[in-house]
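Note sheet for the following structure.
Since the structure is predicted, the reported quantities are computational estimates derived from the model, not experimental observations.
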Amino acid sequence: MPEEATLKAQESDQTEATDGRKNERSTIQFPYLPLEEAFTLAKGIHAVGGSSCQMDQLAAQLDVKPDTGNFRLKLGTAKMFGLVTYSQGTVTLSQLGARICDPQQEQAAKADAFLTIPLYQKVYEQFKGASLPPLAGLETAMVNMGVSQKQKTVARQVFQRSATFAGFFWSGAGRLVYPRVKGSAGAATGVDSGTGSIEGDREPERSERKNGDGGSGGGGTSGYHPFIAGLLTTLPPPDSDWPMDGRRKWLQAASHIFEVIYKDSDSKGSLRIEVQRESK
């Protein structure tokens with residue numbers, strides 16, 4: 001089927017982008033869409049068919065066209081997070097995908113899905129329980145882990161949004177701690193590549209969250225959409241040096257996030273953001 005051929009080509013592109021066969025390619029796997037997109041797709045399958053459905057049914061549920069690159073990217077992202085498999089026009093929830101659709105297991109499944117990504121697992125192991133370095137430092141760490149220089153910013157941005165959605169910033173902005181999950185004890189140490197489940201212990205529950213209600217932004221972002229909360233955690237502290245190019249990139253990232261989470265019924269074009277320094 002043409003649809004299957006396209007999906008296989010998409011998978012081939014993702015593999016090529018992560019196996020180092022070309023110069024400047026990343027040698028570690030990471031998604032280009034955040035965990036929330038994979039979660040939404042899994043919930044769509046659950047809503048339509050329980051455990052599986054046809055791709056055109058899922059596309060209709062998500063209000064997207066099934067033959068678009070956007071839909072294929074969402075499918076690939078959900079598969080990378082270990083939530084789905086697909087074959088011959090059918091999309092099926094994995095064991096982890098079924099867990100993430102169960103309200104009783106959702107939080108733990110989000111954390112497990114997050115740590116299914118090789119890059120995220122490495123970052124977690126290096127910085128768990130501690131504050132992440134500043135943006136430039138985190139990107140450098142990711143490059144050392146195998147992310148290409150040209151992809152380091154998008155890798156870091158999607159990582160932060162996914163970590164926020166999975167609950168890894170519950171103890172404070174930029175502090176990577178395994179989320180509070182009932183019945184858990186200790187820190188996650190590994191991922192079962194066959195099922196996507198986490199092996200080992202998990203972080204112990206704490207009676208109180210730091211910074212108010214424990215939102216990803218330290219008490220000020222928990223009421224926001226996870227994408228917005230993740231974006232806010234990337235803001236540098238007040239009175240710090242923030243070059244114009246960094247401000248421009250932040251505003252562009254905000255624009256992209258707004259396009260994803262907000263509807264614009266009267267849009268007649270795309271938004272372009274430029275930052276210009278006025279001469280004194």
**Message:** Let's go through K122 and Q126 carefully: what are the C-alpha distance in whole Å and the side-chain angles of both, what is the deciding distance for side-chain contact (heavy atoms from CB on, under 4.5 Å) to 0.1 Å, and is it a yes or a no?
**Reply:** CA-CA 6 Å; K122 276 199 170 185; Q126 182 168 336; over 6 Å; no
**Request:** State whether the number of non-hydrogen atoms from other residues, nucleotides or ligands found under 6.0 Å of N144 atom CG is greater than 12.
**Result:** yes
**Request:** Please name the pair of heavy atoms, one in Q151 and one in S26, separated by the smallest distance, quoted to 0.1 Å.
**Result:** CB-OG, 4.2 Å
**Message:** If only side-chain N and O atoms count, and only distance matters, is there a donor-acceptor pair under 3.5 Å linking K152 with Q149?
**Reply:** yes
**Prompt:** Any side-chain donor paired with an acceptor under 3.5 Å for Q57 and Q61?
**Reply:** no
**Request:** Please check if L62 and V48 belong to a single hydrophobic cluster, counting links between Ile, Leu, Val, Met, Phe, Trp and Tyr side chain heavy atoms closer than 4.5 Å.
**Result:** no
**Item:** Test side-chain contact (heavy atoms from CB on, under 4.5 Å) applied to Y178 and L115, step by step
**Value:** CA-CA 10 Å; Y178 196 91; L115 291 175; 3.9 Å; yes
**Request:** Starting at CZ of R161, measure out to CD of E37 and round the result to the nearest 0.5 Å.
**Result:** 10.0 Å
**Prompt:** Is there side-chain contact between S148 and R25, with heavy atoms separated by less than 4.5 Å?
**Reply:** no
**Asked** Do you reckon Y32 sits in the same ILVMFWY cluster as V147, going by side-chain contacts under 4.5 Å, direct or chained?
**Response** yes
**Message:** Exactly one of I45, L41, I100 should register a side chain to side chain contact (heavy atoms under 4.5 Å, CB included) with L93. Which one does?
**Reply:** I45
**Message:** If I take atom CG from residue N70 and atom CG from residue L75, how far apart are they, to the nearest 0.5 angstrom?
**Reply:** 10.0 Å
**Request:** Show your reasoning for whether side-chain contact (heavy atoms from CB on, under 4.5 Å) applies to V123 and L132.
**Result:** CA-CA 9 Å; V123 174; L132 292 172; 4.2 Å; yes
**Request:** Just grab all the salt bridge (charged side-chain N to carboxylate O under 4.0 Å, His left out) pairs involving residues 131-142, residues at least two apart or on different chains.
**Result:** E139-R156
**Asked** If you look at every heavy atom in A113 and L35, which pair is closest and at what distance?
**Response** CB-CD1, 3.9 Å
**Prompt:** If you look only at pairs with a residue in residues 92-111, which of them pass as a ring-ring contact (aromatic ring centres under 6.0 Å, His included), with sequence neighbours excluded?
**Reply:** none
**Request:** Starting at NZ of K43, measure out to CG of L83 and round the result to the nearest 0.5 Å.
**Result:** 11.5 Å
**Asked** Between F169 and F159, what is the ring plane arrangement, given parallel below 30°, perpendicular above 60°, and tilted in between?
**Response** perpendicular
**Message:** Using only atom types and a distance under 3.5 Å, with no angle test, would you say the side chain of R72 pairs donor to acceptor with the backbone of D67?
**Reply:** yes
**Value rounded to 0.5 Å, distance of CE in M142 from CD1 in I28** = 9.5 Å
**Request:** Grab the two heavy atoms, one from M145 and one from L119, that are nearest each other, plus how far apart they are.
**Result:** SD-CD1, 4.0 Å
**Prompt:** Is it true that L58 and M55 fall in one hydrophobic cluster, defined by side-chain heavy atoms closer than 4.5 Å?
**Reply:** yes
**Prompt:** Do L251 and L235 share a hydrophobic cluster, counting only Ile, Leu, Val, Met, Phe, Trp and Tyr and linking them when any side-chain heavy atoms are less than 4.5 Å apart?
**Reply:** yes
**Asked** Does S162 reach the main-chain N or O of P34 with its side chain, forming a donor-acceptor pair under 3.5 Å?
**Response** no
**Asked** Below 4.5 Å, heavy atoms only, C-beta onward: do K110 and E106 meet side chain to side chain?
**Response** yes
**Asked** At what distance, to the nearest 0.5 angstrom, does CG of L33 lie from CZ of F81?
**Response** 8.5 Å
**Request:** For A78 and A38, work out which heavy atoms get closest and say how close.
**Result:** CA-CB, 3.6 Å
**Asked** Which atoms form the tightest heavy-atom contact between V158 and P31, and what is the distance?
**Response** CG1-O, 3.8 Å
**Asked** Which pair of heavy atoms, one from V91 and one from Y86, lies closest together, and at what distance?
**Response** CA-CB, 4.1 Å
**Asked** So Y124 and L176, side-chain contact (heavy atoms from CB on, under 4.5 Å) or not? Walk me through it.
**Response** CA-CA 7 Å; Y124 174 74; L176 203 60; 4.1 Å; yes
**Asked** Do L135 and V154 belong to the same hydrophobic cluster, where Ile, Leu, Val, Met, Phe, Trp and Tyr are linked whenever their side-chain heavy atoms lie under 4.5 Å apart, directly or via other members?
**Response** no
**Prompt:** Just how far is it from atom OH of Y120 to atom CD of Q29, taken to the nearest 0.5 Å?
**Reply:** 10.5 Å
